[in-house]
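Heads up: numbering here begins at 1 and tracks the sequence. Both ligands and their constituent atoms are indexed starting at 1 by order of listing.
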Amino acid sequence: MVRTLAKISLVLLIIVALPISFYLVKEYSSMSQNEQMVERVFSTQLNSILFSVNQHSENVLGQWSQMLNQPIDPEGQLMLSLEENLLQNNPAIQSIRFLDLDEHAVIAQVERPGATATFNEWPGPDKIKTLREYLENNYQRLNAASAGTYTQICFLPSVNKGKLACQLIINPDTFIDQNLRAQIQQISQELFYIQIKQKESGRIVFYTGERAEPNDSLQSADMWYVPGYELGIRLKSKTLTDLASERTQRDNYLLLGIGILVILGFLFVIFNIRKEIKLAELKSEFVSNVSHEIRTPLALISMYAETLLLKRVKTEQKQEEYLKTIQQESVRLTGIVNRILNFSRLEKNKQTFRFSEVDLNKLIPEIVESVRAHLEKADVDYQFFPTPGPALVSADRDAVKDILVNLIDNAIKYGSEDHKKITIRTIARKASYLIEVEDNGIGISAKNQKYIFDQFYRVTEGDLAHKAKGSGLGLNLVKRMMNAHGGSVSVRSKLGDGSTFILKFPAKTQTHV
Ligand code: ADP
């Protein structure tokens, strides 16, 4: 059986469990890939938002630089109009100055009244070289650099052909608030939470909707034209990490559930196959047991009948003895056949019972009387202790007889070898009557007690149990018949110390009215 089971398990493992396990492992590993994909999509999103914000910053600054792309008026007219147009309309601009790069001199300068920001940097040669290269390609490139808490924008106005540089000092907070706010609000579209943070101080300069919690994780990237500031986004309702971990958790539970189901299914199939194999084994054992049981009486009958027919028996006493044996063995054969038929009827639920009111205290002595010869032959010390008064139950008299005969048979078969004792008791319980059949025989181990009521099950350990003939049907028949009565059968036993079988019948008034 172990080998067959191992083979079936292997086949099952190969055709069911392995593919599912592969699938589960694949799913599990692809989960992190999916997450990476979500992350990628998200960072693409961030980049496009960032690009759009930067583009917008460039447009604003570009407009300013176009306004400043004029020849410097020696009378200071340009500065005046700049003051009016730019400084007044754009609170972010703190000051503007023009530098003569060749002369290394400031040639014009205008400041917002009360502005504290000062120019602290002369554009270096590398920067000028790069800006000039752009200018040669007709592109008035803007260079942004951090100047303390301010931002310094530098470009070469094209009208001056790279001779002059223009520098603007911008208050980044005001720039973001005045010049970028509307655009960012539009981008966020109620879908994203967007914030701008001053990286060094961690100060949140701007945010859309409700302010994010400090431990909220956002996708962030540096801003081009406002150095030292970063732009962060996350989905409005949940952070990416929330979404990912929620999804991972859900997928994990799902995979775990499927895994457990597969294992349970696998165990269930193995368990059932094991049961079927065991049953098939028991059935084949049963066939050989029954054949064996039938062969002995048949041999005796045929031998004695033949001897009688050949008239070899001289004395009448011997003749009678032979005939008695023939009769006894036929009764035994009938018993075996009846038991098998009963079993097959019960198994197919075809057995019909005729219930009537039965007083167990009266029925038991009648049944014992019918097997008295058997008891005497086995030299059994028999006792009956009835409960006081009638023990009324609703039962099929023939079935109760079959049940008790089975138990008495077993008590004799598996009884003590030198002095067999059988004690039967009826006991009144609240809503039931018990019949106890006690013997002083070989007893049954706790392990075997679990199986003796199963069909075809026989205990094969121990000398007597091994030698005794049987089919393994008796106790299963008892169980089925007790169930049909709405009752039950149980055993109390200890190996080597006798057994007590307990039949429990519902009391007449309670169940069968
Ligand atoms: P069998 O035909 O083998 O007697 P049963 O179904 O009547 O089949 O009993 C199943 C097994 O239970 C027996 O093989 C025997 O080992 C054990 N058994 C039954 N009755 C007793 C008993 N009174 N004492 C000890 N063992 C018993």
Side-chain angles (χ1 to χ4, degrees), residues 278-279 281-297 331-347 367-368 371 374-375 378-383 399-425 434-483 488-503:
K278 183 95 195 137
L279 196 67
E281 272 179 6
L282 286 173
K283 268 186 184 164
S284 90
E285 228 169 81
F286 162 78
V287 172
S288 85
N289 281 337
V290 168
S291 322
H292 195 74
E293 238 191 313
I294 288 176
R295 200 187 293 151
T296 322
V331 169
R332 214 171 114 192
L333 260 184
T334 317
I336 298 169
V337 173
N338 277 347
R339 196 180 303 167
I340 296 169
L341 285 178
N342 261 349
F343 171 77
S344 118
R345 268 201 299 266
L346 275 170
E347 202 186 26
I367 295 170
V368 173
V371 292
H374 196 31
L375 288 172
D379 202 14
V380 175
D381 183 354
Y382 166 76
Q383 279 183 297
V400 177
K401 184 177 173 188
D402 278 346
I403 291 170
L404 273 183
V405 167
N406 256 308
L407 294 183
I408 293 170
D409 255 2
N410 280 351
I412 295 174
K413 246 196 317 189
Y414 307 107
S416 160
E417 288 200 69
D418 28 281
H419 183 202
K420 292 188 204 294
K421 271 195 209 165
I422 297 178
T423 308
I424 300 185
R425 281 179 221 97
L434 307 184
I435 303 178
E436 287 191 352
V437 180
E438 184 185 325
D439 64 52
N440 61 339
I442 56 170
I444 307 159
S445 69
K447 184 191 119 204
N448 281 320
Q449 285 177 30
K450 279 190 270 178
Y451 305 113
I452 52 170
F453 297 102
D454 291 351
Q455 56 193 15
F456 311 125
Y457 189 84
R458 305 200 67 226
V459 180
T460 45
E461 304 132 25
D463 212 24
L464 180 58
H466 193 68
K467 272 190 284 175
K469 290 188 194 110
S471 54
L473 287 185
L475 287 182
N476 185 256
L477 275 174
V478 171
K479 185 174 116 179
R480 286 175 191 261
M481 287 195 275
M482 285 311 294
N483 286 347
S488 62
V489 56
S490 55
V491 67
R492 203 168 53 224
S493 180
K494 221 171 127 191
L495 195 61
D497 205 14
S499 316
T500 305
F501 283 86
I502 305 131
L503 304 168

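Closest to atom 23 (N) of ligand 1 by heavy atom, among I444, D439, N476, N406, is D439.
Checked against a 3.5 angstrom limit, the closest N/O atoms of S471 and ligand 1 fall inside it. Checked against a 3.5 angstrom limit, the closest N/O atoms of F501 and ligand 1 fall outside it. For ligand 1, the polar-atom distance check against L475 finds a nitrogen or oxygen pair separated by under 3.5 Å. Between Y457 and ligand 1, not a single N/O pair is under 3.5 Å apart. Residue I442 places no N or O, backbone or side chain, under 3.5 Å from any N or O of ligand 1.
Within the 4.5 Å cutoff, the side chain of D439 has no heavy atoms near those of the Y414 side chain. For the pair L503/L407, a side-chain contact is recorded, criterion being any heavy-atom separation below 4.5 Å from C-beta on.
The line from CD1 of I444 to CZ of F501 is 4.0 Å long, rounded to the nearest 0.5 Å.
The stretch residues 442-456 participates, sequence neighbours left out, in these salt bridge (Lys or Arg N to Asp or Glu O under 4.0 Å) pairs: K447-E461.
The side-chain hydrogen bond (donor to acceptor under 3.5 Å, both in side chains) search around S445 returns N448, not counting sequence neighbours.
Contact atoms of ligand 1 toward V459: 14 (O), 16 (O) (distance under 4.0 Å to a heavy atom of the residue). Remark: ligand 1 atoms within the under-4.0 Å shell around heavy atoms of K413 are 1 (P), 2 (O), 4 (O). Interface of R458 with ligand 1, defined as ligand atoms under 4.0 Å from a residue heavy atom, comprises 1 (P), 3 (O), 14 (O). Residue G474 has at least one heavy-atom neighbour below 4.0 Å for each of these atoms of ligand 1: 5 (P), 6 (O), 7 (O). Listed by atom number, the atoms of ligand 1 under 4.0 Å from S499 heavy atoms are 24 (N), 25 (C).
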### Task
Tell me, with the steps shown, if H374 and D409 meet side chain to side chain donor-acceptor pair (under 3.5 Å).
CA-CA 9 Å; H374 196 31; D409 255 2; 3.1 Å; yes
### Task
Test side chain to side chain donor-acceptor pair (under 3.5 Å) on R339 and N342 and set out the steps.
CA-CA 5 Å; R339 196 180 303 167; N342 261 349; over 6 Å; no
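Sparse packing is recorded around OH of Y451, with 12 or fewer heavy atoms of other residues, nucleotides or ligands lying under 6.0 Å away.
Ligand 1 lies out of reach of G441, whose nearest heavy atom is not under 4.0 Å from it.
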